[in-house]
Amino acid sequence: MAGRAWRAACSLAVLSAALVASAATSAADRGAAPASSASSFDLIIEHGHVIDGTGAPWYAADVGIRGGRIAAIGRLERSAAKRRIDATGRVVAPGFIDMLGQSELTLLVDPRVPSKVFQGITTEITGEGESVAPVNDAIAHENAKAYEHYGIKRDWSDFAGYFARLERRGIGINIASYVGATTVREMVIGYGDRAATPGELEQMQGLVAQAMRQGAVGVSSALEYAPAPYASTEELIALARTAAEYGGIYATHMRSEQEAIMTAIEETIRIGRDAHIPVEIWHLKAGGVKNFGLMPEIVARIERARASGVDIAADTYAYPAWFNDLSAFIPPWAHDGGKSKLIERLKDPAARERIKRELAAPASDWDNEWQSVPGPEAIQIATVANPKLLDVQGKSLADIAKARGTDPMDALFDILIEDDAQTSVAVFGMSEPDIELAAVQPWVSFCNDSSGTTPEGLLGKEFPHPRAYGTFPRVLRKYVREERRMRLEEAIRKFTSLPASRLRLADRGVIKTGLWADIVVFDPQTITDRATFSAPNQLSVGMQWVLVNGVPVINAGAATGLLPGHVLRGGGVRP
């Protein structure tokens with residue numbers, strides 16, 4: 001069994017080589033439809049600068065699309081087509097792949113996800129520790145307020161049911177999901193702070209196997225958020241080993257991104273090595289003011305692991321603030337039993353005082369975010385669920401505490417109580433030099449780490465991190481055009497073939513004949529992000545055309561509202 005898992009893990013290297021090798025075959029591809037060809041295409045993108053996703057320099061060519069796939073690359077001016085797009089002076093590139101989105105529920109609210117497509121995102125990978133499936137009654141009860149907030153009637157219990165719902169409704173982008181290690185723990189153990197018994201661990205492995213057979217691309221963990229911290233390294237290795245048997249990968253929001261980050265990296269490397277599975281570190285960062293300048297050491301440790309044969313890589317969203325649940329400020333022990341128990345403890349004077357003392361003291365056994373920032377002015381309340389709290393969205397915890405006439409810690413606790421622990425928050429705790437160093441590493445791709453949204457309707461009332469609307473255009477504006485920290489071709493590689501190779505998406509991520517026509521057309525001199533921390537609900541600008549499976553979801557700069565996306569299932573899928 002271990003041998004099969006190792007061979008499955010090694011296949012990633014073969015896939016990556018195949019994607020990059022497409023550059024070597026590009027000459028043959030470009031000759032696939034010569035000038036005299038009478039072939040008819042659904043669509044031809046002509047006169048563009050093709051950046052194929054491999055990192056190779058751009059070349060001049062037309063791209064012919066038929067039946068949702070790239071059918072020809074070359075001189076197609078004499079070929080028949082139902083429609084032609086003039087891409088003169090613009091880049092033609094593969095659609096961007098968001099290595100961590102959070103759109104599993106918002107796709108059911110607005111499947112067009114304009115915040116994603118206006119960035120050029122055509123594929124999202126989701127499922128950070130807690131995945132949308134599987135679901136039992138206890139999980140459904142814990143998530144009831146989220147379902148209610150979005151007006152969602154849950155009609156699925158596993159990935160097969162959830163994917164079927166997406167396919168019935170239609171989606172604007174492609175979507176794939178991990179199965180969450182936290183979710184399978186909740187399915188078997190619940191929300192308690194204890195180790196799994198051997199029998200329970202076997203049940204959890206069975207759930208991972210079922211999810212992989214239904215199309216999950218791997219298993220994931222988010223070890224900062226209870227009940228995830230209650231899992232041992234051995235438990236995670238066992239679940240990752242099961243995913244590896246089906247050709248999956250292990251993705252993680254590590255146990256620490258702050259004081260204990262080097263220990264967390266060692267744990268992550270060990271999981272990859274012992275489970276014989278490729279590893280993806282989500283949103284790599286050196287979090288907390290005390291860790292500014294640590295990124296060179298982080299990069300060096302990952303480089304050593306790669307040199308030793310561990311298939312480990314990472315992604316980043318490249319903003320100076322992270323975004324998570326406000327409840328993450330509370331120590332893990334206080335989450336034992338779920339949200340209702342957390343609220344009870346926050347209302348209890350003795351427990352509240354204990355939490356205050358722990359927030360005020362540095363910690364190495366959990367990420368004490370209170371110690372990560374210069375002060376409460378660096379904590380911005382974002383989206384709330386309670387309509388009575390809408391007035392605090394976008395305000396700093398310092399300003400809220402001052403307005404309420406209370407201590408900032410008490411203001412934090414009170415908001416959690418009033419919002420039933422549903423509040424999200426932006427935390428300014430990273431340095432620009434660390435962010436930039438991570439972004440330019442050749443094994444680092446990019447993620448939004450945010451759900452697809454829209455400035456309108458129910459979703460438009462939320463107050464997301466600006467990365468939800470701006471990550472990919474921001475990289476093109478800031479790191480490519482303004483600061484020249486990476487070549488345009490390298491940025492596109494990080495958006496396309498690199499994540500495709502990590503996820504084993506062999507039919508996407510490169511401009512090559514036979515692959516699905518996920519394609520973006522844009523002017524590299526004008527594409528830019530508009531979303532800010534004070535005004536986040538602003539679409540990025542500059543994408544002229546975005547095709548998902550050959551169908552325009554953006555046409556001449558305007559959204560079409562079409563829903564051509566596919567559910568992308570992992571290699572372990574079984575009928």
Side-chain angles (χ1 to χ4, degrees), residues 96-132 146 149-150 171-178 180 220 222 224-225 251 253 257 280 282-285 287 315-326 328 380-385 393-394 422-430 435 439 445-475 495 499 529-540 565:
F96 304 160
I97 299 174
D98 182 355
M99 283 295 273
L100 176 59
Q102 309 279 359
S103 302
E104 48 267 60
L105 293 185
T106 58
L107 274 171
L108 301 177
V109 179
D110 187 343
R112 302 168 303 166
V113 287
S115 65
K116 300 272 182 176
V117 298
F118 275 90
Q119 294 183 63
I121 293 169
T122 58
T123 296
E124 174 189 310
I125 318 300
T126 192
E128 186 187 7
E130 286 187 306
S131 51
V132 71
H149 172 72
Y150 287 124
I171 47 179
I173 60 173
N174 306 308
I175 188 82
S177 182
Y178 296 94
S220 68
E224 180 179 352
Y225 309 111
H253 172 142
E257 298 177 323
E280 180 76 13
W282 276 323
H283 41 67
L284 184 66
K285 64 175 67 71
D315 51 67
T316 178
Y317 44 77
Y319 280 85
W322 61 81
F323 190 84
N324 59 12
D325 297 334
L326 183 62
Q380 182 189 60
I381 301 300
T383 298
V384 299
Q393 288 189 156
Q422 300 290 316
T423 314
S424 58
V425 61
V427 182
F428 292 83
M430 291 177 278
I435 294 167
S445 53
F446 289 91
C447 68
N448 263 25
D449 195 11
S450 296
S451 57
T453 187
T454 173
E456 305 167 348
L458 173 65
L459 299 178
K461 296 178 182 178
E462 297 184 346
F463 200 92
H465 192 296
R467 69 191 183 196
Y469 288 88
T471 300
F472 290 79
R474 183 175 188 267
V475 171
F495 294 174
D529 54 313
R530 291 286 178 83
T532 65
F533 284 99
S534 59
N537 287 299
Q538 300 187 75
L539 297 169
S540 290

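Counting begins at 1 with the first residue of the sequence.
Judged by distance alone, with hydrogens and angles left aside, the side-chain atoms of R467 form no donor-acceptor pair with the main-chain N or O of S450 at under 3.5 Å. The backbone N or O of V109 lies less than 3.5 Å from no partner atom in the side chain of T106, so there is not a single donor-acceptor pair.
In terms of heavy-atom proximity, D449 sits nearest to D98 at N-OD1, 4.2 Å. Scanning all heavy atoms of the two residues, the minimum distance from S220 to G127 falls at OG-O, 2.6 Å. Residues E462 and N537 come closest through the heavy atom pair O-ND2, 2.9 Å. Taking each heavy atom of M430 and I435 in turn, the nearest pair found is CB-CD1, 4.1 Å. Here the shortest heavy-atom pairing between Q119 and S540 reads CG-OG, 4.1 Å. Counting all heavy atoms, side chain and backbone alike, A468 lies closest to S451 at CB-O, 4.3 Å.
Within the 4.5 Å cutoff, no side-chain heavy atoms of H465 are placed close to those of S424. No side-chain heavy atom of R112 sits under 4.5 Å from any side-chain heavy atom of V117. Using a 4.5 Å cut-off on side-chain heavy atoms (C-beta onward), N448 and Y469 make no contact. The shortest distance between side-chain heavy atoms of L539 and R530 does not fall below 4.5 Å. Counting only heavy atoms from C-beta outward, the side chains of E128 and H283 approach each other to under 4.5 Å. Side-chain contact check for S445 versus P499: some heavy-atom pair is nearer than 4.5 Å. In this structure, the side chains of Q422 and V384 stay at 4.5 Å or more apart for every pair of heavy atoms. The closest side-chain heavy-atom distance from E224 to N324 is below 4.5 Å.
For the atom pair OG1 of T122 and CD1 of I97, the computed distance is 6.5 Å after rounding to the nearest 0.5 Å. Going from atom CG of D529 over to atom CD of Q538 covers 10.0 Å, rounded to the nearest 0.5 Å. Rounding to the nearest 0.5 angstrom, the gap separating the CD1 atom in I175 from the CD atom in E124 is 4.0 Å. Atom SG of C447 and atom CD of Q102 lie 9.0 Å apart (nearest 0.5 Å). Annotation: the span from T423 atom OG1 to Q393 atom CD amounts to 9.0 Å, rounded to 0.5 Å.
Note that R474 lies in the cation-pi zone of Y319, set by a 6.0 Å cut-off to the ring centre and a 45° limit from the axis.
With H253 as the partner, the ring-ring contact (aromatic ring centres under 6.0 Å, His included) test is satisfied by one option alone out of W282, W322, Y225: Y225. With V113 as the fixed residue, the side chain to side chain contact (heavy atoms under 4.5 Å, CB included) test singles out one of T454, I173, I171, I121: I173.
Remark: aromatic rings of F495 and F446 are close, center separation under 6.0 Å. You'll find the ring centres of F323 and Y317 outside the 6.0 Å limit.
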CA sep, side-chain torsions, deciding dist, call: S103, T126, side chain to side chain contact (heavy atoms under 4.5 Å, CB included): CA-CA 7 Å; S103 302; T126 192; 5.7 Å; no
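Residues N174 and T123 bring a donor and an acceptor atom of their side chains to less than 3.5 Å of each other.
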